[in-house]
Amino acid sequence: MAEIEFELFNNQLIQQLVGPQDSNLKIIEQALNVEISTFGNQIHITGNEDAVNQAKNTLDALYLKVSRGITIGEQEVLAAVRLNATDEKIKNKVNIDDIVLKTKKRHIYPRSATQAEYIMEMMNNELVFGLGPAGTGKTYLAVALAVTMMLEGAIDKIILSRPAVEAGENLGFLPGDLKDKVDPYLRPLYDALYEMLPSEQVDKKLAIGEIEIAPLAFMRGRTLSNAFVILDEAQNTTPMQMKMFLTRLGENSRMVVNGDLSQIDLPRGTISGLQDALNTLEGIKGISSVTFTANDVVRHGLVAKIVRAYEQKKSHHESSKHDNKA
């Protein structure tokens with residue numbers, strides 16, 4: 001057992017740090033299996049040595065946030081725990097505390113070291129592949145950076161796309177006009193926009209074409225200049241579709257291609273355009289890829305456990321197949 005005791009001096013910030021009825025401290029206690037007690041300005045932590053140090057680093061990071069006027073709640077506390085569990089080599093690649101995406105409705109901070117790395121790669125490269133399970137913030141952060149760059153005047157247009165219905169985009173059988181047919185598949189992109197911009201601004205930009213949300217097939221034959229272009233659910237493209245999309249890149253534009261290679265819905269025997277692109281484009285300067293894992297899931301804590309369970313099942317299945325072949 002180890003223990004650390006330290007003192008903080010701003011009573012108002014301490015109240016924000018510990019949360020109502022010490023709710024923030026309880027989250028850290030549960031996550032790290034430590035005990036945290038407070039007496040006035042004194043904070044006392046006991047538990048396993050590594051966990052105690054991690055809890056202290058987590059509290060320091062959260063105290064810095066509240067001192068900067070950032071409101072913290074459960075998600076921010078869990079993010080701080082997650083960040084301070086990250087290998088130092090990964091954390092040293094980016095200065096996480098300095099990364100913020102400023103949109104009209106909120107300031108968005110990375111909630112894992114991989115998210116921070118992903119934001120930096122999108123800032124520094126013209127084409128970035130975001131790989132990994134749902135709930136890791138791939139699409140949300142890409143939209144946030146696109147909105148930030150538009151507000152700063154760095155780009156003129158945001159284009160959001162995804163395969164509408166698997167790879168074939170077979171919309172004809174669905175009821176309604178084209179917008180009615182496509183919108184259900186693009187809803188996550190709309191949701192992200194409305195979280196970052198006032199609804200009237202989103203509607204206006206959609207109406208005048210500054211923001212465009214369209215199925216992948218609509219990209220054919222176009223050159224996309226002065227734009228931030230995001231392709232979501234890219235694992236469900238064919239190699240031909242992916243090549244078509246990537247070759248739309250125009251001057252002063254950047255592309256982000258997101259997908260989860262464990263969730264391919266293509267017909268059996270069809271190669272994923274995302275996997276094909278990763279194999280084909282490896283090593284080209286200006287192209288980067290970032291891989292998320294279950295540790296980066298920022299939705300409900302149970303989602304991360306579900307993702308890990310499926311990953312373990314897949315790993316066990318592949319190991320069994322290998323043993324049977326042997």
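Numbering starts at 1 and runs along the sequence shown.
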Holding to side-chain contact (heavy atoms from CB on, under 4.5 Å), I want the full list of residues that pass it with [X], two or more places apart in sequence or in another chain.
X    : result
T148 : L101, T103, E152
E282 : none
I70  : K65, R68, Y109

Would you compute the distance between atom [atom1] of [X] and atom [atom2] of [Y] and round it to the nearest 0.5 angstrom?
X    : Y    : atom1 : atom2 : value
K104 : L197 : NZ    : CG    : 8.0 Å
I119 : T114 : CD1   : OG1   : 11.0 Å
T280 : M242 : OG1   : CE    : 10.0 Å
I36  : T46  : CD1   : OG1   : 9.0 Å
E117 : D296 : CD    : CG    : 9.5 Å
T238 : M244 : OG1   : CE    : 8.0 Å

Check whether any side-chain heavy atom of [X] sits under 4.5 Å from a side-chain heavy atom of [Y], and report yes or no.
X    : Y    : result
V81  : I27  : no
T136 : Y118 : no
V202 : E200 : no
N48  : V34  : no
H107 : K102 : yes
L131 : L274 : yes
V147 : V143 : yes
F292 : N258 : no

key: Heavy atoms from other residues, nucleotides or ligands near CD of Q42 exceed 12 (cutoff 6.0 Å)   = yes
Pairing residues for [X] by the side chain to side chain donor-acceptor pair (under 3.5 Å) criterion, not counting sequence neighbours:
X    : value
D203 : Y194
H44  : E3, E5
N53  : none

query = Do side-chain atoms of N124 reach the backbone of M120 as a donor and acceptor pair under 3.5 angstrom?
reply = yes
query = Would a distance-only check, ignoring hydrogens and angles, find a side-chain to backbone donor-acceptor pair under 3.5 Å from S253 to L249?
reply = no
Taking salt bridge (charged side-chain N to carboxylate O under 4.0 Å, His left out) as the cut-off, I'd like each qualifying pair that reaches into [range], sequence neighbours left out, listed once.
range            : result
residues 38-61   : K56-D60
residues 216-230 : E212-R222
residues 233-258 : R162-E233

So which atom in [X] and which in [Y] form the shortest heavy-atom distance, rounded to 0.1 Å?
X    : Y    : value
A294 : P133 : N-CG, 4.3 Å
K138 : G132 : NZ-O, 3.0 Å
S288 : E121 : OG-OE1, 2.8 Å

Same hydrophobic cluster for [X] and [Y], using side-chain heavy-atom links shorter than 4.5 Å among ILVMFWY?
X    : Y    : value
F245 : I271 : no
F39  : L8   : no
I158 : I208 : no
M240 : M219 : no
M123 : V256 : yes

ask   = What residues, two or more places apart in sequence or in another chain, satisfy salt bridge (Lys or Arg N to Asp or Glu O under 4.0 Å) together with D191?
value = R187
Using residues 223-232 as the side-chain source, report each donor-acceptor pair under 3.5 Å to any protein atom, sequence neighbours left out, with the distance given to one decimal.
| residue | atom | partner | partner atom | Å |
| --- | --- | --- | --- | --- |
| N226 | OD1 | N252 | ND2 | 3.0 |
| D232 | OD1 | T139 | OG1 | 2.6 |
| D232 | OD2 | T139 | OG1 | 3.2 |

query = When you look at Y140 and I108, which way does the side chain to side chain contact (heavy atoms under 4.5 Å, CB included) test go after all the steps?
reply = CA-CA 10 Å; Y140 187 83; I108 295 162; 4.0 Å; yes
query = Which one of L127, V128, L278 satisfies the side chain to side chain contact (heavy atoms under 4.5 Å, CB included) criterion with S289?
reply = L278
ask   = What residue pairs, at least two apart or across chains, pass side chain to side chain donor-acceptor pair (under 3.5 Å) with a residue in residues 13-39?
value = none
task = Start with the C-alpha distance between E76 and R111, add both sets of side-chain angles, then the distance that settles salt bridge (Lys or Arg N to Asp or Glu O under 4.0 Å), and finish with yes or no.
result = CA-CA 7 Å; E76 286 72 29; R111 291 184 171 180; 2.9 Å; yes
